[in-house]
Amino acid sequence: MNPTVARKTAVVVGHGMVGHRFVEALRSRDTDGQWQVIILSEEQLPAYDRVGLSSYVGAWDASALALPGNEYTGDELVELRLGQSAESIDRAARKVTTSSGDILAYDALVLATGSYPFVPPVPGHDDPACFVYRTLDDLDGIRAAAEAAGPGAVGVVVGGGLLGLEAANALRLLGLTPHVVEYNTRLMPAQVDEGGGAILERLVTDLGLHVHTGVGTSSIEAADKGLKVTLSDETVIDAGLVVFSAGVRPRDQIARDAGLEVGPRGGIITDLGLQTSDPNIWAIGECAAVEGVCYGLVAPGYSTAEIVADRLLGGAGEFPGADMSTKLKLLGVDVASFGDAHGVTEGALSVVLHDAAKGTYAKLVVSDDAKTLLGGILVGDATAYSALRPLVGRPLPAEPAALISPAGAELGADALPDDAQICSCNNVSKGAICGAIADGACDVPAIKSCTTAGTSCGGCVPMLKKLLEQSGVEMSKALCEHFEQSRAELFQIVQVTGIRTFSGLLAKYGKGAGCDICKPTVASILASTSSDHILDGEQAGLQDTNDHFLANLQKNGTYSVVPRMPGGEVTAEQLITIGEVAKEFGLYVKVTGGQRIDLFGARVEQLPLIWKRLVDAGMESGHAYGKSLRTVKSCVGSTWCRYGQQDSVGMAVLLEKRYRGLRSPHKLKLAVSGCARECAEARGKDVGVIATENGWNLYVGGNGGLTPKHAVLLAGELDDETLIKYIDRYLMFYIRTADRLQRTAPWQEALEGGMDYLKQVICEDSLGIAEDLEAAMAQHVAGYRDEWAAVLEDEEKLSRFVSFVNAPEEADPTISFDETGERKVPVLLGLPEVPVATQGK
């Protein structure tokens with residue numbers, strides 16, 4: 001930052017996705033600190049992902065939608081004012097008056113006010129049980145009304161476009177029966193044609209939606225048990241609530257009041273540089289009418305934000321036009337449209353493949369000589385979207401029919417020229433991506449990091465992988481130098497061949513002597529495919545230090561002992577035993593974050609003595625040392641809590657006892673919350689279960705660590721049996737297919753097809769392996785035996801637990817503690833630190 005630069009002030013009105021993108025773009029380019037930015041946000045929350053609004057339903061966690069860097073922590077040149085809107089603009093004085101009465105002077109005013117939902121003037125539209133679908137607050141209101149209406153009540157959505165179907169899905173997740181009313185003769189009329197609309201209607205009807213097309217809403221009246229909704233064909237629907245999703249209008253009132261030029265159908269008129277009729281005021285995103293045209297998608301909105309940032313720093317950027325292509329999944333149904341999807345270009349021809357049996361519809365719109373792609377529509381299967389969309393306006397590499405036929409030509413990345421736009425959200429070309437690969441970006445995360453491609457909707461990620469392959473990047477799957485196979489392939493080999501030793505596997509499928517990578521990995525695979533004790537025979541030598549001694553190694557060479565407490569439950573007698581053991585062996589005691597008690601400071605020869613006392617008291621190994629299930633955390637649930645909706649403790653105990661000892665690629669943590677207040681922090685766990693009035697919501701892939709991830713909803717409103725069945729399948733599928741030391745969150749992100757694919761495998765059994773996964777888990781449950789107890793019963797295993805093999809009675813003299821303060825702490829006596837083991841909680 002240059003302190004000699006005369007600083008100017010930019011006031012940004014609106015803090016949605018586009019407003020945030022503008023501030024990010026300006027601050028990243030303004031290296032001299034020319035601009036001070038003040039942001040006025042009408043909402044109480046900073047910028048969040050409004051495109052992903054529907055993911056809020058079920059999770060009810062606003063933080064999961066927060067855009068990265070939306071609070072500008074540590075940036076002294078950005079001031080964010082939440083809950084404060086702009087009331088008026090004094091163009092002559094270049095000042096804005098805010099809702100709190102503040103008057104802000106500006107050198108540049110950027111209007112990012114977005115749009116507002118259009119509510120048709122239907123009689124009764126202002127009833128308290130009528131809502132719009134636009135903000136998190138709207139969804140909170142819909143949720144409250146749905147709970148008041150009760151399970152199975154009808155929710156009516158007025159509008160069958162993109163947001164209307166998202167709203168219908170939200171109502172379905174809330175336990176309501178959705179009815180969608182669309183004035184047009186088909187759903188999503190802006191994106192699909194009659195043929196695509198017919199397939200889409202059939203698919204969503206099969207999923208439980210009731211669709212009314214070609215009709216309007218005549219009136220809404222209060223009734224004894226909710227609302228009476230009358231349609232234009234005289235159909236009457238008894239409903240608990242109504243959601244209007246009939247389109248949006250630009251929020252341009254503050255511009256109108258200030259005398260700025262607006263379009264006849266709304267929107268703040270700008271030139272290609274996004275400058276309004278006042279040279280000191282700019283408009284971006286949905287409120288801007290660029291040369292009279294408003295664009296309602298995030299990609300063109302981001303483009304307008306980038307251009308204004310460029311202009312304020314002396315650039316000459318101009319709006320390049322907008323790619324209005326969309327690819328989305330509604331209620332599990334793929335829908336995509338791109339280019340001239342409706343064939344309005346003069347002389348355009350259409351090539352259609354309609355497979356009613358499979359529920360798919362594909363249409364390509366081509367030039368009159370059938371050599372140039374103009375656009376297309378895909379419903380039911382949109383896998384070809386990422387390859388087809390960049391070809392719009394370019395010569396076709398094959399016959400049109402072959403490009404959409406299952407038996408036809410497959411488009412490779414080499415069919416695209418360098419200037420083809422791969423990521424429309426962030427305007428990233430094939431050339432830019434290939435340049436990043438040439439500079440060393442050797443995987444998808446690296447490409448995302450240096451180009452921003454794939455960081456918004458993710459629709460271009462399959463093409464990023466194709467470009468990596470085309471560029472000759474070697475994506476090695478080898479576990480290490482001794483095994484050319486991946487961990488998942490080795491798992492399959494062990495499962496199919498029945499090989500039960502590392503030496504046997506190495507002799508037949510590997511080379512060399514093995515290493516610290518493949519030995520514990522194979523040991524984990526062997527443990528995951530049988531109930532053999534991990535210290536039996538050859539396996540004992542494969543384990544890392546923690547597994548070798550069934551305890552966590554600490555920095556001074558002592559170990560910690562963590563007995564299992566399923567669901568956090570422990571009896572008074574067990575607590576007394578723990579206290580007596582701690583006192584007898586001089587152990588430091590700490591309650592962990594996973595609702596267990598950790599005993600620190602045990603010497604290796606003391607471990608069996610401590611275990612015996614705990615095992616005799618009815619306790620067992622908590623596996624705090626293993627790449628396995630650690631804990632299942634819970635709140636007190638409906639048993640004690642007045643808010644509890646299900647017995648969370650009972651479910652946590654059931655799950656912990658079911659999955660205890662389950663070896664996996666990395667540690668596993670579970671949690672069960674008795675209601676949506678989430679006291680057990682279930683969405684931060686690999687598997688999180690949250691109670692509802694009607695059952696359980698199941699979340700997967702939540703991880704802590706350096707890059708925390710919230711768990712994602714896999715399925716909702718499950719009964720006990722289905723919940724356990726889905727968790728069985730999920731955990732075994734993860735154990736079989738994840739890479740070495742890969743947590744569940746990155747594993748899910750790396751799956752081709754992501755969560756949609758995972759839902760198909762786990763909930764719909766798309767691979768036909770559900771029965772096999774459940775059987776594998778049943779085998780684990782039936783064969784489980786406490787590892788501590790097994791050591792106590794085996795003299796050979798017990799012989800391992802000594803400080804010195806040649807003097808088994810001797811204690812390690814280097815182990816010492818400082819007990820002068822309130823806490824007992826280890827003293828290292830000048831010795832190098834032992835690497836700290838992963839702590840179990």
**OP:** List for me each residue that meets side-chain contact (heavy atoms from CB on, under 4.5 Å) alongside Gln779, sequence neighbours excluded, and say none if there are none.
**Re:** none

**OP:** Could you verify whether a donor N or O on one side chain and an acceptor N or O on the other, from Asp61 and Ser63, lie under 3.5 Å apart?
**Re:** yes

Subject >> Smallest separation among heavy atoms of Ile499 and Thr501, with atom names >> reply: CG2-O, 3.5 Å

Subject >> Thr692 and Gln645: side chain donor to acceptor below 3.5 Å >> reply: no

Subject >> Point-to-point distance, once rounded to the nearest 0.5 Å, from CZ of Arg564 to CE of Met619 >> reply: 10.5 Å

Subject >> Distance (rounded to the nearest 0.5 Å) between Cys675 SG and Tyr643 OH >> reply: 9.0 Å

Original post:
Between the side chains of Tyr588 and Gln554, does any donor sit under 3.5 Å from an acceptor?
Top reply: no

Subject >> Exercise: do Gln646 and Ser638 side chains pair donor with acceptor under 3.5 Å >> reply: no

Original post:
Does NZ or CZ of Arg736 fall inside the cone over Phe491's six-membered ring, less than 6.0 Å from its centre and within 45° of the axis?
Top reply: no

**OP:** Test Val689 against every option in Leu723, Asn697, Ile724, Val632 by the side-chain contact (heavy atoms from CB on, under 4.5 Å) rule and name the one that passes.
**Re:** Leu723

Original post:
Could Lys667 and Asp686 be called an ion pair, given the rule that one side-chain N must be under 4.0 Å from one carboxylate O?
Top reply: no

Subject >> Lys/Arg-Asp/Glu bridge criterion (N-O < 4.0 Å) met for Lys725, Glu721 >> reply: no

**OP:** Find the distance between CG (Leu553) and OG1 (Thr558) and round it off to the nearest 0.5 Å.
**Re:** 7.5 Å

Original post:
Got a sec, which pairs hit ring-ring contact (aromatic ring centres under 6.0 Å, His included) with one end in residues 558-577, sequence neighbours left out?
Top reply: Phe549-Tyr559

Original post:
Yes or no on salt bridge (Lys or Arg N to Asp or Glu O under 4.0 Å) for Glu787 and Arg663, after CA distance, side-chain angles and deciding distance?
Top reply: CA-CA 12 Å; Glu787 290 175 351; Arg663 298 282 167 166; 2.8 Å; yes

**OP:** Could you tell me which non-hydrogen atom of Lys633 sits nearest to which non-hydrogen atom of Ala680, and how far apart they are?
**Re:** CD-O, 3.6 Å

Subject >> Main-chain N/O of Ser634 paired to Gln595 side chain as donor or acceptor, under 3.5 Å >> reply: yes

Original post:
Does the distance from a Lys or Arg side-chain N to an Asp or Glu carboxylate O, for Lys759 and Glu764, drop under 4.0 Å?
Top reply: no

Original post:
Phe733 vs Tyr757 aromatic rings, parallel, tilted or perpendicular, using cut-offs 30° and 60°?
Top reply: tilted

**OP:** Please work out which of the three classes, parallel, tilted or perpendicular, describes the rings of His623 and Tyr625, given edges at 30° and 60°.
**Re:** tilted

**OP:** Check whether the side chains of Asp739 and Ser486 place a donor and an acceptor atom closer than 3.5 Å, and report yes or no.
**Re:** no

**OP:** Compare all side-chain heavy atoms of His482 with those of Cys515 and state whether any distance is below 4.5 angstrom.
**Re:** yes

**OP:** Working to the nearest 0.5 Å, report the span between CD of Gln742 and CG of Asn703.
**Re:** 10.0 Å

Original post:
Is Arg683 reaching over with its side chain to a backbone N or O of Ala711, donor-acceptor style, under 3.5 angstrom?
Top reply: yes

Original post:
Between Thr639 and Asp647, is any side-chain donor less than 3.5 angstrom from a side-chain acceptor?
Top reply: yes

Subject >> Flag for Glu620-Tyr784: side-chain donor and acceptor within less than 3.5 Å >> reply: yes

Original post:
Can a salt bridge be assigned to the pair Glu678 and Lys685 using a cut-off of 4.0 Å between side-chain N and carboxylate O?
Top reply: no

Donor-acceptor pairs are to be reported for all side-chain atoms of residues 565-574 against protein atoms at under 3.5 Å, with residues two or more places apart or in another chain.
{"unit_1": "Thr571", "atom_1": "OG1", "unit_2": "Gln574", "atom_2": "N", "d": "3.1"}
{"unit_1": "Thr571", "atom_1": "OG1", "unit_2": "Gln574", "atom_2": "OE1", "d": "3.4"}
{"unit_1": "Gln574", "atom_1": "OE1", "unit_2": "Thr571", "atom_2": "N", "d": "3.1"}
{"unit_1": "Gln574", "atom_1": "NE2", "unit_2": "Ala617", "atom_2": "O", "d": "3.4"}

Subject >> Test: Asp765 and Arg729 ion pair at under 4.0 Å >> reply: no

**OP:** Ignoring hydrogens and angles, state whether a donor on the side chain of Asp140 or Tyr56 is under 3.5 Å from an acceptor on the partner side chain.
**Re:** yes

Subject >> Straight-line distance of Glu774 CD to Ile769 CD1, nearest 0.5 Å >> reply: 10.5 Å

Original post:
Near Glu484 CD, under 6.0 Å, is it more than 12 heavy atoms from other residues, nucleotides or ligands?
Top reply: no

Subject >> Under 3.5 Å side-chain donor-acceptor pair for Thr529 and Arg500 >> reply: yes

Subject >> Aromatic ring proximity Trp696/Tyr726, centre distance under 6.0 Å >> reply: no

Original post:
Quick one: CG on Leu718 to SG on Cys763, what's the gap to the nearest 0.5 Å?
Top reply: 7.5 Å

